[in-house]
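Accompanying notes for the structure given below.
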Amino acid sequence: KPSPVKSAVFSVPSYACQRRTTLENHNTVLTDALSLLAENAELSDEDGRGVAFRRAAAVLKALPSAVMSISQLSGLPCLGEHSLRVIKDIWENGASSEVESTKVSERFKALKVLTGIFGVGAKTADRWIREGIHDLHQLQNSGQTLNRAQQAGLQHYDDINQPVTKAEACAIEEIVEKAVSSVLPGAQIILTGGFRRGKQTGHDVDFLITHPEEGREVGLMPKVVSWLEAQGFLLYQKTTRNSYLESKADGPGRPPSNMDRFERCLSIFKLPKMEKQGAKDSQNVTENCLQANQKSDEPECPEAAPDRRWRAVRVDLVVSPISQFAFALLGWTGSKLFERELRRWARYEKGMSLSSHALYDNNQRKYLRASSEEEIFAHLGLEFIPPSERNA
Ligand code: GTP
Ligand code: MN
Ligand code: MN
């Protein structure tokens, strides 16, 4: 018997970069389940399965309303057998047995805890687990040698695993703005990553830095880092220099790697707490931060001090020459799946290679220039999708 209210069959295009995905998600129960399986696959070095679950979740995120029946899903792209089984399980039993058993599995829990340490990836976590290390306590007592990033990650574990708020991102933006304009007047910074897509929280804060005159940005990062270091804003930083021209890996015929070669800095900021700050004196964040940093006495164990006046925040800085700025901006705004889908679309539908540096047309055998994101979408034959709708 047909149900009295007929639910519409959904229809969405198959590449995430052809769709508008806002932060308004009508199917969080389903997408949370599929995202958890994606995360588990990624942590288990099964990237193929991870992407399949990410694509399935992204299709459901793009739907205009909640799924009311399985029949509405017929004809949707990217929903493989496995994802459909998970959805049906939730549908019929209220939860997916696979998701529930993954959540409580010792291995998954250990992978989550260990990769929560800045500087620890899935491979390292897996090796530690095989050596019997499942939590931070066991790691600290194991005598494992940790590199500088991992030491900082362990030291600031709780702070780094607490989401960064939009207000904190704005405070850091002011600090970076001040650093950049002090060392190179005229240089510009822009907030990228999840915050540019309109997210209210993030795991870090991402910035892109450039200068309107090509070439003036060369050597900028070490100067910015020195300024920040001198003011006491950095708990950790690792800068890698630009290697784009040396490697030429994005050149004709070669697949663009998704790792770019910009001058970049992965850091942990020491952000003074802002709670006593009213909205009216928000223009003074930098001044107040400077004072707070100068006043603070370093305790033996920083995270343990009960009323310390700062918190650790992960910050990524990238410097791009203006000629590559549009590509860098598009590449660093995300989401990760949206980026992956843009590159896949470029390659398989257009015969082009897209990276965070450039767009190469394999048929015309030439680079396609662009000075805005809009131009890049146009080169790719895609409708422009604004950052707030790239939340695939
Ligand atoms: P949250 O930080 O959790 O809010 O999410 P996010 O979307 O900001 O993620 P993240 O900070 O990890 O990355 C931001 C964007 O930068 C994403 O689109 C990534 O694909 C991109 N990104 C991260 N690392 C690299 C890299 O090494 N090279 C390039 N080209 N892009 C990167
Ligand atoms: Mn981010
Ligand atoms: Mn980042």
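Counting begins at 1 with the first residue of the sequence. Indexing begins at 1, ligand by ligand and atom by atom, following the structure's order.
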Under 4.0 Å from a heavy atom of [X]: which atoms of ligand 1 are those, numbered in the order shown and with their elements?
{"X": "Gly334", "result": "17 (C), 18 (O)"}
{"X": "Lys199", "result": "1 (P), 3 (O), 4 (O), 5 (O)"}
{"X": "Gly194", "result": "6 (P), 7 (O), 8 (O)"}
{"X": "Asp204", "result": "2 (O), 11 (O)"}

Is there a polar contact, in the sense of an N or O pair closer than 3.5 Å, between [X] and ligand 1?
{"X": "Gly193", "result": "no"}
{"X": "Gly202", "result": "no"}
{"X": "Ser356", "result": "yes"}

### Task
Examine all N, O or S atoms of Asp316, backbone included, and report whether one is under 2.8 Å from the Mn ion (ligand 2).
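Asp316 does not place any N, O or S atom closer than 2.8 Å to the Mn ion (ligand 2).
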### Task
Taking the six-membered ring for Trp and the full ring for Phe, Tyr or His, determine whether the centres of His156 and Tyr236 are under 6.0 Å apart.
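Here the rings of Tyr236 and His156 have centres that are no less than 6.0 Å from each other.
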### Message
Please determine whether a side-chain nitrogen of the Lys or Arg among Arg314 and Glu168 lies less than 4.0 Å from a carboxylate oxygen of the Asp or Glu.
### Response
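No, Arg314 and Glu168 are not salt-bridged.
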### Query
Can you tell which part of His203 has a heavy atom less than 4.0 Å from ligand 1: side chain, backbone, both or neither?
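Under 4.0 Å from ligand 1, His203 contributes backbone and side-chain atoms.
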### Task
Could you tell me whether Asp206 approaches ligand 1 through its side chain, its backbone, both or neither, with non-hydrogen atoms closer than 4.0 Å?
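Just the side chain.
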### Query
Is there a donor-acceptor contact under 3.5 Å linking the side chains of Thr22 and Asn391?
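No pair is found: no donor N or O on one side chain lies under 3.5 Å from an acceptor on the other.
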### Message
A side-chain contact here means heavy atoms from C-beta on lying under 4.5 Å apart; do Glu389 and Thr21 qualify?
### Response
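Of all side-chain heavy-atom pairs linking Thr21 with Glu389, none is under 4.5 Å.
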#### Entry: Pairwise side-chain contact, Leu43 with Phe108, heavy-atom cut-off 4.5 Å (strictly under)
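Heavy-atom side-chain distance check passes, below 4.5 Å.
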### Query
Is it the case that more than 12 heavy atoms not belonging to Lys109 sit under 6.0 Å from its NZ atom?
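Enclosed.
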#### Entry: Identity of the N, O or S atom of Asp206 lying closest to the Mn ion (ligand 2)
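Output for this pair reads OD2.
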### Task
Give me the one residue out of Arg54, Lys336, Lys112 that meets salt bridge (charged side-chain N to carboxylate O under 4.0 Å, His left out) with Glu42.
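Of all the options given, the one that passes is Arg54.
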### Task
Could you tell me whether ligand 1 has any atom less than 4.0 Å away from a heavy atom of Arg197?
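Judged by the 4.0 Å heavy-atom criterion, Arg197 does count as contacting ligand 1.
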### Residue of the set Arg20, Gln18, Arg19 for which side chain to side chain donor-acceptor pair (under 3.5 Å) holds with Glu383
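The single option meeting the side chain to side chain donor-acceptor pair (under 3.5 Å) with Glu383 is Arg20.
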### Message
Would you call the rings of Phe233 and Trp227 parallel, tilted or perpendicular, taking 30° and 60° as the class edges?
### Response
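The arrangement is parallel - the two ring planes meet at less than 30°.
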### Message
As a test of reading the structure, name the N/O/S atom of Asp204 that is nearest the Mn ion (ligand 3).
### Response
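The Mn ion (ligand 3) is closest to the Asp204 atom OD2, counting only N, O or S.
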